[in-house]
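Only one structure is covered here, and it is reproduced in the block below.
Order of the sequence lines fixes the chain letters, A, B, ..., with proteins taken first and strands second; residue numbering starts at 1 for each chain.
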Amino acid sequence: MDFERVEKKWQEIWEKEEVFKSKDFDKKPKFMGLVEFPYPSGVGLHIGHIKAYSSLEVVSRMKRLQGYNVMFPIGWDAFGLPTENFAIKNNIAPRIATDNNIKNMKAQLKRVGYSFDWAREIDTTDEKFYHWTQWIFCQLYKKGLAYKSKALVNYCPVCDVILSNEESQGGECDRCHSQVVQKEKEVWFLKIRDYAERLLSGLDKLDFPARVKEEQRHWIGKSTGAEVNFKVKIGSQEDTLRIYTTRADTLFGVTFMVIAPEHPILEKYADKIKNINEVKDYQAKAKQKSEFDRVQVNKDKTGVKLDGIVAINPLNNKEVPIFIADYVMMGYGTGAIMAVPAHDTRDYDFAKKFNLPIIPVIEGGDISKEAFTDINEGKMINSEFLNGLGVKDAIAKMIEHLAKENIGEAKTNYQMKDWAFNRQRYWGEPFPIVYCEKCGTVLVPEDQLPVKLPEVKDFKPSKNGESPLAQVPEWVNCTCPKCGGKAKRETDTMPQWAGSSWYYLRYMDPNNDKELASQDKLKYWGPIDWYNGGMEHVTRHLIYSRFWNMFLYDIGVVPFEEPYSKRTTQGLVLGEDGNKMSKSLGNVVDPMEIINNFGADVLRLYILFMAEYESAAPWSSANINGCKRFLDRVERMVDFIDDHKGVHAEHITELNSIIEKVSNDIAALKFNTGISALMTFVNTIYQDKFISREEMTDFLKLLYPFAPHIAEELNEQIGNKEYISKSNWPTVRVDNSVKYINLPVQFNGKMRDVLKVEENTPQDKVLELIKNHEKLSGYITGEIKKVIFVPNKIVNIIV
RNA sequence: GCCGAAGUGGCGGAAUGGUAGACGCACAAGACUCAAAAUCUUGCGUAGGCAACUACAUGAGGGUUCGAGUCCCUCCUUCGGUACCA
């Protein structure tokens, strides 16, 4: 088949007939399928896009024929660093580069034949879109969920710029390869931690794969424990040191304390700490270590003992020394811990290195060898009122005791940190924030949104790690919306995650200039019925967008709390050599080249046939031939068409079974077995060498979601007037023929033969057949002790 | 270390506790052809046998069951995620 002509022909017909248009408020049941919108890169479509989008493409095509009002939208996640870097390198404005890339990728997506509703196309860099991104930020700010705070950022002292984590991997600057250092800077944060509990508990009712839920749970990282106040003595002075622990039961086993190098108590008593120089030295070293270094595993424990300051165990008033060590993080808990070397591996390593006492408070284990950390075994010892209890009971009793004595209480912590929400970059959403000399930080009023991103000549990051926007005085300098006085704009921009945190809402009402989307339309379309995307977005994008949606729900803007009812993920497409595709390995497959050589239908079919959808699988240029051959065979199947009306009796069972199998498999993401069922049917027709027009039509409809162009073309060729894209999904027919099934026969659990019997043949009839069976009767070598008979499944005879 | 997923022919991969290897690739033989390609047909886990058939076989070892790739226990390997989280 001349696939180039045929594919173009049908793409034009579909567009003209608007068969993929989703209609607001249609009476049909709605189905909204969402795929992660692409970043418009200069490279164009990657094979991964094809796999990611083909799933819901197939589902959407089927659902339309099944009578659903389907929305399958697409857009562009277009802000971001690569475009900015491209602009710097080639001296092209990011706006122009983005528009070019979108144009190119859009043409590519159309060539694959995806049934996107292009009328709803969105672009996060369009001011009509980022208007509402800024508006959402305003609401977050008003509710106190956006705040500015000091934080450490990656900074390259040679380039004099702030780098993202991606640009500073391995603690090295991406551009000049010099050592990146941590620099303190005022940055914006969103209080996602306030939503930690809801983000966690909300998972229970969502239809997400278990591994996705697990990763999100882990990312949120809930831990329950207690905060406890230890007294500290600094000479004659007294103060309090608050620690967090999940093991309140071990309080009697505390032999020292550890605080983070950044802990404020160090500065507070700097003049009282005798070895303050040594401490400062350690602090400086810790600060130099990048995030990368500090996170390395199993490092040797290091630390410095504070001289002139001790802590007092509130339970037994014993004095214990305090250390600073970088294995305790300021960002988690209280930045201070009680160390119980007998029952914590890190404390144990530290105690061994610094020769500190180790007091067991739970029996079991051998603390001369290692810390005993099992919480399910052993009874409390050396612990006064806890003695004899199990660990879990001891924790509860201790927390009760702490509360009563007013020295501590139960506390829940989350590992998830607040979301650092800005970049020192040009190509992002400007913040709707100005700094007024008189009024301080002022929000830009909503009627003045959007704050448009100005055109600039130079996109290079400016000195001192400022955003390039700082170099545009006519934009930076403005009047304060409150007092009319002199003010300056925030020159940082939002991170790439901003637009993608709510884009799906905009599809539901893409041209609204009064609000981000109307309530009625959100109510009709939302929530998303099925969202497919990559595993790499499970912890960030997926959590960030759930957070924004919950927030918008809380302020009454969105009528549903969770944005995505169901989530699936596609497995990676590996290179032919089994490695991840990468330019350097030279194993990258270009989807456009495949389309040129084989056609879009073959590409679509193969990407779904190659493996189970959710697992990674290598590309094979040999195997794709099989899919091409299959479509060629389908085309030649037309020659077998006879004048028979209806469905041949010989085919009714087979046809019914593929209708059922393909429908179920598509809905269950099992495309590979659905396609193989279609192949089996074709093989049957080649055996029989006849097929009726009606059977062929049904078959082509089943093929249509996978290979729509050839299906439409053949459907037209065999004389059907109605386009498949405007027809109905086939349904199973009444089958009155006597069905025969193959009944496996086992003796003593061993397979011996298969008996062809009528469906629902009873046990005694089957046994009779076996006794009269030439071969099978030979296995009845003695008395029949027992017969296991599962109707239509199996018979097993114990002799 | 912790969490998750997975180990099945030469390869990609199928199998609600019930015929292991569907479907496809590769390979081989035959048909068509002057020939090749394409196409069509057949074969294709391993061992033995002309064959019917028999034995063995789903990472390793145990167990539950009439029956285990599938469930349970122990272990090995690979991949993904995550990490001095107190």
Side-chain angles (χ1 to χ4, degrees), chain A residues 209-219 221-223 225-226 243-247 250 258 260 294-302 325-329 331-340 343-347 349-350 373 413-417 535-536 538-539 569 571-572 574 578 605-606 609-612 614-627 629-630 632-633 636 670 672-683 686-687 689 742-755 775 785-790 792-799:
Chain A
R211 58 175 175 161
V212 170
K213 287 191 185 184
E214 268 315 303
E215 268 191 37
Q216 291 209 352
R217 286 195 187 106
H218 197 238
W219 179 266
K222 182 178 182 174
S223 104
I243 61 96
Y244 175 71
T245 180
T246 55
R247 294 293 305 274
T250 60
V258 185
R294 259 183 97 161
V295 145
Q296 287 307 293
V297 222
N298 293 338
K299 277 180 319 203
D300 259 0
K301 295 285 181 288
T302 60
D326 63 3
Y327 81 88
V328 172
M329 308 286 152
Y332 187 75
T334 61
I337 62 159
M338 61 178 211
V340 186
H343 305 289
D344 180 283
T345 49
R346 290 152 305 167
D347 298 345
D349 292 345
F350 195 87
T373 56
N413 263 320
Y414 299 92
Q415 274 171 232
M416 183 169 62
K417 296 186 176 73
M535 211 52 209
E536 69 276 20
V538 158
T539 44
T569 56
L572 278 182
L574 304 172
L605 198 71
Y606 175 63
F609 178 68
M610 62 193 293
E612 191 206 0
E614 302 210 81
S615 59
W619 180 268
S620 160
S621 47
N623 285 4
I624 194 171
N625 271 313
C627 289
R629 245 175 252 167
F630 166 66
D632 289 346
R633 270 162 80 83
R636 284 191 297 272
K670 294 168 75 174
N672 55 338
T673 50
I675 293 166
S676 76
L678 292 173
M679 290 173 168
T680 307
F681 182 79
V682 170
N683 291 345
Y686 268 71
Q687 293 292 321
K689 298 191 167 52
N742 289 325
L743 188 73
V745 181
Q746 297 184 338
F747 282 85
N748 297 332
K750 272 194 183 284
M751 257 302 298
R752 288 307 173 185
D753 207 350
V754 175
L755 216 52
K775 179 186 163 195
K785 283 192 188 142
K786 194 175 169 187
V787 177
I788 289 104
F789 182 76
V790 185
N792 301 326
K793 277 285 178 206
I794 202 153
V795 58
N796 187 8
I797 298 165
I798 313 302
V799 187

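- Counting atom types as modelled, A:Gln746 pairs a side-chain N or O with a base atom of B:G18 as donor and acceptor under 3.5 Å.
- The same atom, P, is picked in B:G69 and in B:C56; the two are 13 Å apart, to the nearest Å.
- OP1 or OP2 of B:C40 lies within a sub-4.0 Å distance of a side-chain N or O belonging to A:Arg636.
- Among the heavy atoms of the strands, none lies under 4.0 Å from A:Glu614.
- Applying the 4.0 Å criterion to OP1 and OP2 of B:C66, one finds that A:Lys785 has every side-chain N and O outside that range.
- Looking at which nucleotide of RNA chain B each of A:Pro618 and A:Asp753 is closest to, the 5′-most match is held by A:Pro618.
- Of the side-chain N and O atoms in A:Lys786, none sit less than 4.0 angstrom from OP1 or OP2 of B:U65.
- Taking atom CZ of residue A:Arg752 and atom P of nucleotide B:A20, one finds them 11 Å apart after rounding to whole Å.
- Comparing B:A86, B:U54, B:U41 by their closest approach to the side chain of A:Met329 singles out B:A86.
- Within the model, atoms CG of A:Leu743 and CD1 of A:Ile794 stand 7.5 Å from one another, a figure rounded to the nearest 0.5 Å.
- One interatomic measurement links the two molecules: CE of A:Met751 to C1' of B:U19, which rounds to 4 Å at whole-angstrom precision.
- Comparing B:C40, B:G81, B:A86 by their closest approach to the side chain of A:Ser223 singles out B:A86.
- Here the separation of B:G9 from B:U46, taken at their P atoms, is 12 Å to the nearest Å.
- Within 3.5 Å, no donor on the side chain of A:Lys793 pairs with an acceptor on the base of B:U19, nor the reverse.
- For A:Glu214, counting side-chain heavy atoms from C-beta on, the closest listed nucleotide (B:U19, B:G13, B:G4) is B:G4.
- Atom C1' of nucleotide B:G4 and atom CD of A:Glu215 are separated by 8 Å, given to the nearest angstrom.
- Taking OG1 from A:Thr246 and CG from A:Asp344, the interatomic distance works out to 8.0 Å, rounded to the nearest 0.5 Å.
- Counting to the nearest Å, the P atom of B:C66 and the CD1 atom of A:Ile788 are 7 Å from each other.
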(request) Apply side-chain contact (heavy atoms from CB on, under 4.5 Å) to A:Met610 and A:Asn672, showing your working. (result) CA-CA 7 Å; A:Met610 62 193 293; A:Asn672 55 338; over 6 Å; no
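- At a threshold of 4.0 angstrom between heavy atoms, the contacts of A:Ala339 with the nucleic acid are absent.
- Comparing B:G4, B:G18, B:U19 by their closest approach to the side chain of A:Arg211 singles out B:G4.
- Interatomic distance, A:Ile675 CD1 to A:Tyr606 OH, rounded to the nearest 0.5 Å: 11.0 Å.
- In this structure, A:Met338 places its CE atom 12 Å from P of B:A86, rounding to the nearest Å.
- Taking side-chain N and O atoms only, A:Gln415 has no distance below 4.0 Å to OP1 or OP2 of B:C84.
- Atom-to-atom distance recorded for A:Ile798:CD1 and A:Gln746:CD is 8.5 Å, nearest 0.5 angstrom.
- At the phosphate of B:G1, neither OP1 nor OP2 sits under 4.0 Å from any side-chain N or O atom of A:Arg346.
- Taking atom C1' in both B:G43 and B:A26, one finds a spacing of 14 Å when rounded to whole Å.
- Going from atom CG of A:Asp632 over to atom C1' of B:C40 covers 14 Å, rounded to whole Å.
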(request) Taking Watson-Crick and G-U wobble pairs with both distances under 3.5 Å, convert RNA chain B into its dot-bracket string, 5' to 3', dots for unpaired and | for cross-strand pairs. (result) (((((((..(((.....[....))).(((((.......))))).((((....))))..(((((..]....))))))))))))....
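- Toward the 5′ end of RNA chain B lies the nearest nucleotide of A:His218, the other residue of the pair A:His218 and A:Asp344 mapping further downstream.
- Here A:Lys213 does not reach the OP1 or OP2 of B:G81: none of its side-chain N or O atoms lies under 4.0 Å away.
- Syn is the classification of B:G9, since its glycosidic angle stays within 90° of 0.
- At least one side-chain nitrogen or oxygen of A:Tyr332 sits closer than 4.0 Å to the OP1 or OP2 atom of B:A86.
- Going from atom CG of A:Asn748 over to atom P of B:U65 covers 16 Å, rounded to whole Å.
- Between A:Arg211 and A:Glu214 there is no salt bridge, since no side-chain N of the basic residue sits under 4.0 Å from a carboxylate O of the acidic one.
- At a threshold of 4.0 angstrom between heavy atoms, the contacts of A:Lys670 are confined to the sugar-phosphate backbone, with no base atom among them.
- Side-chain atoms of A:Lys750 lie closest to B:C56 of the nucleotides B:U54, B:G18, B:C56.
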Between the protein and nucleotides 22-24 of chain B, which nitrogen or oxygen pairs are less than 3.5 angstrom apart?
{"from": "B:G24", "atom 1": "OP1", "to": "A:Asn683", "atom 2": "ND2", "distance (Å)": "3.1"}

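- Each of B:A55, B:A86, B:C66 was ranked by its minimum atom distance to the side chain of A:Tyr244; first place goes to B:A86.
- We find that NE2 of A:His343 is positioned 24 Å from P of B:C84, with the value rounded to whole Å.
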